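What you see is a predicted model, and the numbers here were worked out from it, not measured in a lab.
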Amino acid sequence: MSYYQIESLEEYFKHYKKSIREPRKFWGKIAEENFTWYQSWEKVQDCNLVDAEIKWFTNAKVNITKNCIDRHLSKRGNKNAIIFEPNNPDEPAQHITYNDLYERVCKMANVLKSQGVKKGDRVCIYLPMIPELAITILACARIGAIHSVVFAGFSASAVASRINDCDAKIVITSDGSYRGNKILDLKAIVDEALETTPSIEKVLLVKRTHNTINIVEGRDLWVDDLLSQASANNVAEVMDAEDPLFILYTSGSTGKPKGMVHTIGGYMVYTGYTFKNIFNYQENDIYWCTADIGWITGHSYILYGPLLNGATTIIFEGVPSYPDFSRFWQVIEKHKVTQFYTAPTAIRSLAKENVEYVDKYDLSSLKVLGSVGEPINEEAWHWYNNHVGKKRCPIVDTWWQTETGGILISPLPFITPTKPTYATLPLPGILPVLMDEKRNEIDENQVVGSLCIKQPWPGMARTIWGDHPRFKETYFSAFPGKYFTGDGALRDEVGYYRITGRVDDVVIVSGHNLGTAPIEDAINEHPAVAESAIVGYPHDIKGNALYGFVTLKETGEYRDRNNLTKEINEMISTSIGPIAKLDKIQFVDGLPKTRSGKIMRRILRKIAEGDFANFGDTSTLLDPEIVEKIKNGKI
């Protein structure tokens, strides 16, 4: 019996029990039977969650691009690996076969080597959603360089902090990017970032928008010129299963962004396995995930997961509202998409528009719908089910994180009975537990608790780049011996899980995890600001939006609050990126603090939500009257 594809609910339970009781045997068989290795492992698993020491497939030798590309060439060489759908629907789509992908990745790998990039070097990639983004990532993996993709909506300051944290040697960007009816100047952002990044030796430039850009002689080189001289032959580097594959930065609730490190072997096995099962992928399917590759969803379920399975994956440059709100549905009809994976934010925004945008397109090719980034609310779930899936496509409401590498809890299509707003059951190998406030496991159902994972799985992150103590402290100290997700969850009477939201100071806005501390740091740089506190509040489209409570210094020149609001959001946009701007700012005389100086954010959340019924015990506050003042001054 193969463990790789689950075909019934009975089989799911059988596989699940096996994976929990005998994880080494379960994952060892999946790894051996479904992936290509240069050398087998000594141990399937060598993990100690108390010390946050995690290893899978120890001393095995592998290269992930051999599994994503090379091994498919004999049977699928002429099959489309990537379909690129441009921002402008009038621009022709590109179809890149596995043979084409092999040649382009080999050439790019040789370009990187020609510029001095070696095994273990870090490469920062700041590119739009174009084929060169996927090709560059795979080229890094082929030569053993560690890729660090930065979402091409982040500011120069955010780019610089990520480059400096991992000492990247080279940056790859483009002359610009298209986003709806806008052209973004990515090169100017990189130029500004590089004013404070001494480790960068070269900037490689991809042509996309043909903007006029600044070229720094000796540093900036056009990729096309280098590719024209590059060989199409490249032997994949032999890598250890535990060598880093990539660093991907995620916002923390405190301090600088965390560079999550994922290693090759375990990540490969887990993303390949989960993609196959969660999307019920079949040989001739056309799969489309609308995420950006700059996030973990794009890494795992646009690029690596699909290609490991020899799938056809769509890379979409555009936005759902350009040229109009029918863009997603037009693409589905055009390419006969079978699996469609998007975010609740997108679903909610499209559900607000006239349903004729959906109905005028033929969506009969669809078989599976997916949701990612945050729990999907019931109204959006039903709209998605009724109007996009026509009540015949199961919705996989997936829960996972940058740190987990792949999906941990999700229905399996045509197998798991779905329930709106519930991620349902854990994947094989995943042992979730709910913890109470006294750090005890909660055994019964119909309860809410802090969600932890009790058993290691292959796709989990190994460390925070350059800071293992922080990794251990953040994820393994609150509940020793368990991975703490930072999320709360409800478990219903049959054992289905519903994610109830973050329990720390991270707010999920439009599917993006935004730490409040870095935003507050940016606001507090304004000369008029004394202090600030950020909380999330429910938003019809974004799921959550950001609400800022700001106290000012005694400065007369900043009496124009509208102008001050604009300046604060401009500072956030510059420091972090436009995605972190505040929807509402309330200027207050003070913040509710305990006598020890801790801001009582739960009170601010209630005020932001308009819930004034019960603030709980405010007797511990330094100034209990401040709550009434803030409440009365609410926007």
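- Of the candidates Val372, Ile278, Ile409, Val372 is the only one forming a side-chain contact (heavy atoms from CB on, under 4.5 Å) with Trp400.
- Although no hydrogens or angles enter the test, the distance criterion places no donor-acceptor pair under 3.5 Å between the side chain of Asp121 and the main chain of Val117.
- More than 12 heavy-atom neighbours from other residues, nucleotides or ligands sit within 6.0 angstrom of NZ on Lys61.
- Here the side chains of Ile20 and Gln455 are in contact, with some heavy-atom distance below 4.5 Å.
- Using a 4.5 Å cut-off on side-chain heavy atoms (C-beta onward), His335 and Glu85 make contact.
- His468 places a side-chain N or O within donor-acceptor distance of the main-chain N or O of Ala52, the cut-off being under 3.5 Å.
- Here the side chain of Asn544 pairs no donor or acceptor atom with the backbone of Gly536 at under 3.5 angstrom.
- Both tests do not hold together for Arg491 against Tyr496: distance to the six-membered ring centre under 6.0 Å, angle to the ring axis within 45°.
- Residue Thr418 comes nearest to Pro411 through the heavy atom pair CG2-CB, 4.0 Å, listed as atom of the first residue, atom of the second, then distance.
- Separation of atoms CG (Leu248) and CD (Glu403) is listed at 9.5 Å; rounding is to 0.5 Å.
- Counting heavy atoms of neighbouring residues, nucleotides and ligands inside a 6.0 Å radius, atom NZ of Lys55 does not exceed 12 of them.
- Other residues, nucleotides and ligands place no more than 12 heavy atoms under 6.0 Å from the NZ atom of Lys43.
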Worked verdict on Asn63 versus Thr65 for side-chain hydrogen bond (donor to acceptor under 3.5 Å, both in side chains): CA-CA 6 Å; Asn63 189 291; Thr65 66; 2.7 Å; yes
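- Every pair passing salt bridge (Lys or Arg N to Asp or Glu O under 4.0 Å) that includes a residue from residues 417-426 is listed here, sequence neighbours excluded: Lys419-Asp492.
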side-chain hydrogen bond (donor to acceptor under 3.5 Å, both in side chains) assessment of Gln401 paired with Tyr483: CA-CA 12 Å; Gln401 303 172 315; Tyr483 167 79; 2.6 Å; yes
Derivation of the side chain to side chain contact (heavy atoms under 4.5 Å, CB included) call for Arg122 and Ile247: CA-CA 9 Å; Arg122 275 76 64 204; Ile247 302 166; 3.8 Å; yes
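- With 3.5 Å as the limit, one finds a donor-acceptor pair spanning the side chains of Thr263 and Arg462.
- For Tyr249 and Trp465, the ring centers sit 6.0 Å or farther from each other.
- In this structure, Phe316 has its ring center at least 6.0 angstrom away from the ring center of Phe84.
- For Tyr4 and Asn309, the side-chain atoms include at least one donor-acceptor pair closer than 3.5 Å.
- Looking at Asn284 and Gln282, their side chains never bring a donor and an acceptor atom within 3.5 Å of each other.
- Taking every heavy atom of both residues into account, Val261 and Ile464 meet most closely at CG2-C, 4.3 Å.
- If you look at Phe328 and Phe340, their ring centroids are closer than 6.0 Å.
- Remark: aromatic rings of His147 and His299 are close, center separation under 6.0 Å.
- Within the structure, every pair that satisfies the salt bridge (Lys or Arg N to Asp or Glu O under 4.0 Å) test and touches residues 278-303, not counting sequence neighbours, is listed here: Arg76-Glu283, Lys79-Glu283, Asp285-Lys367.
- Few gaps surround CZ on Arg392; more than 12 heavy atoms of other groups in view lie less than 6.0 Å from it.
- Side chain to side chain, Trp399 and Asp487 meet the donor-acceptor criterion of an N or O pair below 3.5 Å.
- Separating the CG atom in Asp70 from the NZ atom in Lys66 is a distance of 5.0 Å, to the nearest 0.5 Å.
- Counting heavy atoms from C-beta on, the side chains of Ile376 and Thr421 never come closer than 4.5 Å.
- Counting only distance, with no hydrogens or angles, the side chain of Thr338 and the backbone of Ile286 share a donor-acceptor pair below 3.5 Å.
- When ring centroids are compared, Trp56 and Tyr270 stay outside the 6.0 Å threshold.
- Using a 4.5 Å heavy-atom threshold, the side chains of Phe57 and Val269 count as touching.
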With a cut-off of 3.5 Å and sequence neighbours excluded, list every side-chain donor-acceptor pair involving residues 422-436.
{"residue": "Asp436", "atom": "OD1", "partner": "Lys438", "partner atom": "N", "Å": "2.8"}
{"residue": "Asp436", "atom": "OD1", "partner": "Arg439", "partner atom": "N", "Å": "3.1"}
{"residue": "Asp436", "atom": "OD1", "partner": "Asn440", "partner atom": "N", "Å": "2.8"}

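- Rounding to the nearest 0.5 angstrom, the gap separating the NE2 atom in His262 from the OG1 atom in Thr463 is 11.5 Å.
- For Asn234, the side chain to side chain contact (heavy atoms under 4.5 Å, CB included) partners are Cys106, Ala109, Asn110, Lys113, Arg142, Ile143, not counting sequence neighbours.
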Derivation and outcome, side chain to side chain contact (heavy atoms under 4.5 Å, CB included), residues Cys124 and Val150: CA-CA 7 Å; Cys124 176; Val150 179; 3.9 Å; yes
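- Taking the centre and axis of the six-membered ring of Tyr3, the NZ or CZ atom of Lys29 falls inside the cone set by 45° and 6.0 Å.
- The environment of Glu493 atom CD is dense: over 12 non-hydrogen atoms of other residues, nucleotides or ligands sit within 6.0 angstrom.
- Listed by first and then second residue, the salt bridge (Lys or Arg N to Asp or Glu O under 4.0 Å) pairs that reach into residues 443-453 come to none, sequence neighbours excluded.
- For the 3.5 Å distance criterion, the side chains of Glu374 and Thr345 qualify, holding a donor opposite an acceptor.
- Proximity of the aromatic rings of Tyr475 and Phe471 is defined here by a centroid distance below 6.0 angstrom, and this criterion is met.
- With a 6.0 Å radius and a threshold of 12 heavy atoms from other residues, nucleotides or ligands, Lys119 has its NZ atom above the threshold.
- Once rounded to the nearest 0.5 Å, the distance linking CG of Leu245 with CD1 of Ile146 reads 9.0 Å.
- For CD of Glu379, the number of neighbouring non-hydrogen atoms (other residues, nucleotides, ligands) closer than 6.0 Å is 12 at most.
- Interatomic distance, CD of Glu7 versus CG of Asn280, reported as 8.5 Å (0.5 Å rounding).
- Under the 4.5 Å side-chain criterion, counting only non-hydrogen atoms from C-beta, Arg104 is not in contact with Met108.
- For Tyr281 and Phe275, the ring centers are positioned less than 6.0 Å apart.
- The salt bridge (Lys or Arg N to Asp or Glu O under 4.0 Å) pairs that include a residue from residues 473-482 are Glu441-Lys482, where partners are two or more places apart or lie in different chains.
- Under the 4.5 Å side-chain criterion, counting only non-hydrogen atoms from C-beta, Ile83 is not in contact with Ile315.
- Between the OH atom in Tyr304 and the CD1 atom in Ile296 there is a gap of 10.0 Å [rounded to 0.5 Å].
- Residues Leu138 and Leu307 meet the side-chain proximity criterion, which asks for heavy atoms closer than 4.5 Å.
- Separation of the Phe154 and Trp295 ring centroids falls under the 6.0 Å cut-off.
- Checked against the 6.0 Å centroid threshold, Phe279 and Trp288 do not count as a close aromatic pair.
- Considering only heavy atoms from C-beta on, Val368 comes within 4.5 Å of Phe414 through its side chain.
- Using modelled atom types and a 3.5 Å distance limit, the side chains of Thr398 and Tyr341 yield a donor-acceptor pair.
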